[in-house]
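Structure, as structure tokens:
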Amino acid sequence: MSLRFYNTLTRQVEEFKPLEGNTVRMYTCGPTVYDYAHIGNYRTFVFQDVLRRHLKYRGFQLRHVVNLTDVDDNTIRNSRSAGVPLRAYTDKYVEAFQIDRQLLNLEDPEFLVRATDHIEEMVKLIQALMDRGYAYASEGSVYFKVGAFPHYGQLTQIDLTGVRAGARVDTDKYDKADARDFVLWKAAKEGEPFWETPFGPGRPGWHIECSAMSMKYLGETFDIHSGGSDLIFPHHENEIAQSEAATGKPFVKLWLHGEHLIVNGEKMSKSLGNFYTLRDLIAKGYKPSAIRYLLASVPYRKPLNFTFDGLHQAQQSIDRLRNFRFRLTKENFPPGDSPALKARAQEAREKFEAALDDNLNTAEALGAIFDMVRDGNTAMDRREFRDGDRGAFLDTLERWDRIFAVLDDNDHAKLVKFGLLKEGTSSVKLGLDARELKSAGVAEEGIGNGYTQVLQVGTLSDEEIEKLIAERAAARRKGDYARSDEIRASLLQAGVILEDTKAGTRWKRK
RNA sequence: GGCGCGGUACCCAAGUGGUAAGGGAGAGGUCUGCAAAACCUUUAUGCGUGAGUUCGAUUCUCACCCGCGCCUCCA
């Protein structure tokens, strides 16, 4: 079955085929680096990551560009108030973005590019538009003449002919001939960063960077362009206009737009102030892998309502998958194999692949993998699972995780690596379930009223944990269950969960 | 007003013209020193409302209600 995607341009699900050979040329709009990105932003970036991973999974070569907007009103304003040069200011948030990407297992694109490194390309593009009569200068700025481009509005299917000057169309104080026109190049203002150009000193308008950079790395016509749904208008509409006007060729074949993350029924956004950054959630004790899972679990075209309950559910779901993988790799099974079970694993694989082929239906892909998990567990419990069956199940699980990328429990290591969690200190907040704490005897009934008790607890190194587990095993052998339970409770307080299995005690970090 | 997205059990959520995947949570049970994990059973005669098409609709058509987004910076 072929890959199919919903194309915003045609408002239809279409079969996907690269324009040239086996290589997919793709551009995805990245963040404006004036602050930490919030998880609403990351919902879109996770969607784009699932997209690129699935394209690779299906054997395509990728040529993927992600942009960083490092010059705009916000970056200029914030760098000035911080008293830091623009580049130095944005560097900080570029770095933060890179760390967040690694925490969320976002694959590196082939090109991660910054707007201010491509001023020359933008100037050339604007010059071409002026030469072709699609742009004009006014008061030191350059505008795109929307009226000269008859196809304007193809993406939005919006009729702007009624929009007139004087309406609440543009808050900028630049002079435009027509209210629909948008700025390609902004004349320099007092005290703001600027670049010298043939049309005078200034800085780029919002949309031009994406046209200039995408065409530089991907050519004048390429396969996929994606971003959040709020970018459809005016950003992507304007990109199409300025790109196609300059080249006379179709700009992009397939436009993909992710729906928003909402919180309490409203879009999560900086202007509303109802946002969480990745760091906010980590500080509350949530794992990046759980955040990735939550963001990926709802198909990208559906609004995702963010709740802490949802995050908790995501964490539980991941644990179920990890527990299954643990059994697959660590438990002992009788020799031989069972064709029916292996076929079951194969079937699950085909189902999750087909689900992703169908416009990235991640929810259905999850359903397929959990079906397999249950059947595998059942077979193990009934002693029907054979040693030779491991491979088929592990293969499906591993393939599934090439897309979802949540099975490896390396959150702790990454947080330590990036200094977001310090090994062996007591300044770390860790989320633990109140019920779990109560059952372990380390919390009173009635403590807290939500899922998550945020405790100030220390983290133990792997070695310390292993040592305590060995001590507990010795106590258990002697029948000293009081001591055994004491160790288990103290480990739980440090965020370590123990499970006694036939193959010995396993542990994992909460 | 224009253009979109959505309304499925306590929560998240898939899906189909033929009678509701999956995950979480809850309840009971099995296993276990106790837990945890895992398994079994269980939780929507109904898929926003009304009407229509049909042998049959949650799925198609129409109308309506509700939530949200974009139309201005925004993933």
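So that the names make sense, note that chain A is the first sequence line, chain B the second, and so on, each numbered from 1.
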Separation of [X] atom [atom1] from [N] atom [atom2], in whole Å?
X: A:Asp381; N: B:rC40; atom1: CG; atom2: P; answer: 8 Å
X: A:Glu331; N: B:rA37; atom1: CD; atom2: C1'; answer: 10 Å
X: A:Glu266; N: B:rC66; atom1: CD; atom2: C1'; answer: 16 Å
X: A:Arg320; N: B:rA36; atom1: CZ; atom2: C1'; answer: 14 Å
X: A:Arg509; N: B:rA37; atom1: CZ; atom2: C1'; answer: 19 Å
X: A:Tyr34; N: B:rA75; atom1: OH; atom2: P; answer: 7 Å
X: A:Glu486; N: B:rA35; atom1: CD; atom2: P; answer: 19 Å
X: A:Trp400; N: B:rG23; atom1: CH2; atom2: P; answer: 13 Å

TODO: Check whether the side chain of A:Glu259 and the base of B:rC5 form a donor-acceptor pair under 3.5 Å.
DONE: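 Side chain to base: no pair below 3.5 Å.
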Open item on the list: So, under a plain 3.5 Å distance rule, would you say the side chain of A:Arg488 forms a donor-acceptor pair with the base of B:rA35?
Closed with: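 In this structure, the two groups form a donor-acceptor pair.
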State which of [options] makes the closest approach to the side chain of [X].
X: A:His260; options: B:rA36, B:rG69, B:rA14; result: B:rG69
X: A:Ile262; options: B:rA38, B:rG4, B:rC68; result: B:rC68
X: A:Asp485; options: B:rC39, B:rC34, B:rA75; result: B:rC34
X: A:Arg11; options: B:rG23, B:rG4, B:rC40; result: B:rG4
X: A:Asp500; options: B:rA35, B:rA38, B:rA25; result: B:rA35
X: A:Arg374; options: B:rC70, B:rC39, B:rC11; result: B:rC39
X: A:Lys267; options: B:rC11, B:rC39, B:rG69; result: B:rG69
X: A:Asp230; options: B:rA14, B:rC12, B:rC70; result: B:rC70
X: A:Gln313; options: B:rA75, B:rG23, B:rA38; result: B:rG23
X: A:Phe45; options: B:rA75, B:rG23, B:rA14; result: B:rA75

Considering every strand and a 4.0 Å limit on heavy-atom distances, what is the contact class for [X]: base, sugar-phosphate, or nothing?
X: A:Gly310; result: nothing
X: A:Gly258; result: nothing
X: A:Ile232; result: nothing
X: A:Tyr481; result: base
X: A:Met380; result: nothing
X: A:Tyr6; result: sugar-phosphate
X: A:Thr307; result: nothing

For [X] and [N], is the shortest distance between a side-chain N/O and OP1 or OP2 below 4.0 Å?
X: A:Asn377; N: B:rC39; result: yes
X: A:Asn74; N: B:rC73; result: no
X: A:Gln48; N: B:rA75; result: no
X: A:Thr32; N: B:rA75; result: yes

Task: Partner set under salt bridge (charged side-chain N to carboxylate O under 4.0 Å, His left out) for A:Glu95, not counting sequence neighbours - done: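 Counting only residues at least two positions away or on another chain, A:Glu95 forms no salt bridge (charged side-chain N to carboxylate O under 4.0 Å, His left out).
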How far does the [atom1] atom of [N] sit from the matching atom of [M], given to the nearest Å?
N: B:rG28; M: B:rC68; atom1: P; answer: 39 Å
N: B:rG7; M: B:rU49; atom1: P; answer: 13 Å
N: B:rU61; M: B:rU53; atom1: C1'; answer: 7 Å

Kindly write out the residues that satisfy side chain to side chain donor-acceptor pair (under 3.5 Å) with [X], not counting sequence neighbours, or none if the list is empty.
X: A:Tyr42; result: A:Asp100
X: A:Lys92; result: none
X: A:Arg77; result: A:Asn74
X: A:Glu353; result: A:Tyr57, A:Arg349

Does the distance from a Lys or Arg side-chain N to an Asp or Glu carboxylate O, for [X] and [Y], drop under 4.0 Å?
X: A:Arg53; Y: A:Asp49; result: yes
X: A:Arg292; Y: A:Asp411; result: no
X: A:Arg322; Y: A:Asp409; result: yes

Task: Cation over ring face, A:Lys270 and A:Tyr36, 6.0 Å, 45° - done: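 A:Lys270 over A:Tyr36 ring: no.
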Task: Listed partners of A:Tyr89 passing ring pair (Phe, Tyr, Trp, His ring centres under 6.0 Å), at least two apart - done: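 A:Tyr89 satisfies ring pair (Phe, Tyr, Trp, His ring centres under 6.0 Å) with A:Tyr93 once adjacent residues are dropped.
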Open item on the list: Run the ring pair (Phe, Tyr, Trp, His ring centres under 6.0 Å) test against A:Phe149 and tell me which residues pass, sequence neighbours left out.
Closed with: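 Ring pair (Phe, Tyr, Trp, His ring centres under 6.0 Å) list for A:Phe149, sorted by chain: A:His151.
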Open item on the list: Counting C-beta onward and ignoring hydrogens, is there a side-chain heavy-atom pair between A:Phe182 and A:Gln242 closer than 4.5 Å?
Closed with: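 When only atoms from C-beta onward are counted, A:Gln242 and A:Phe182 do touch, with a gap below 4.5 Å.
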Task: Watson-Crick or G-U wobble partner of B:rG4, both distances under 3.5 Å - done: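 Pair assignment: B:rG4 / B:rC68.
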Task: Nucleotide forming a Watson-Crick or wobble pair with B:rU49, both distances under 3.5 Å - done: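 Paired with B:rA63.
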TODO: Please list, by residue number, the residues of residues 469-480 of chain A whose heavy atoms come closer than 4.0 Å to an atom of RNA chain B; answer none if no residue qualifies.
DONE: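 Per residue number, the list reads A:Arg472, A:Arg476.
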Task: Contact residues, residues 292-306 of chain A to RNA chain B [heavy atom, < 4.0 Å] - done: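 Only A:Val298, A:Pro299, A:Arg301, A:Lys302, A:Pro303 qualify.
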Open item on the list: I'd like to know if the side chain of A:Asp181 reaches the main chain of A:Tyr143, judged simply by a donor and an acceptor atom lying under 3.5 Å from each other, with no hydrogens or angles considered.
Closed with: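 Flag not set: sc A:Asp181 to bb A:Tyr143 has no pair under 3.5 Å.
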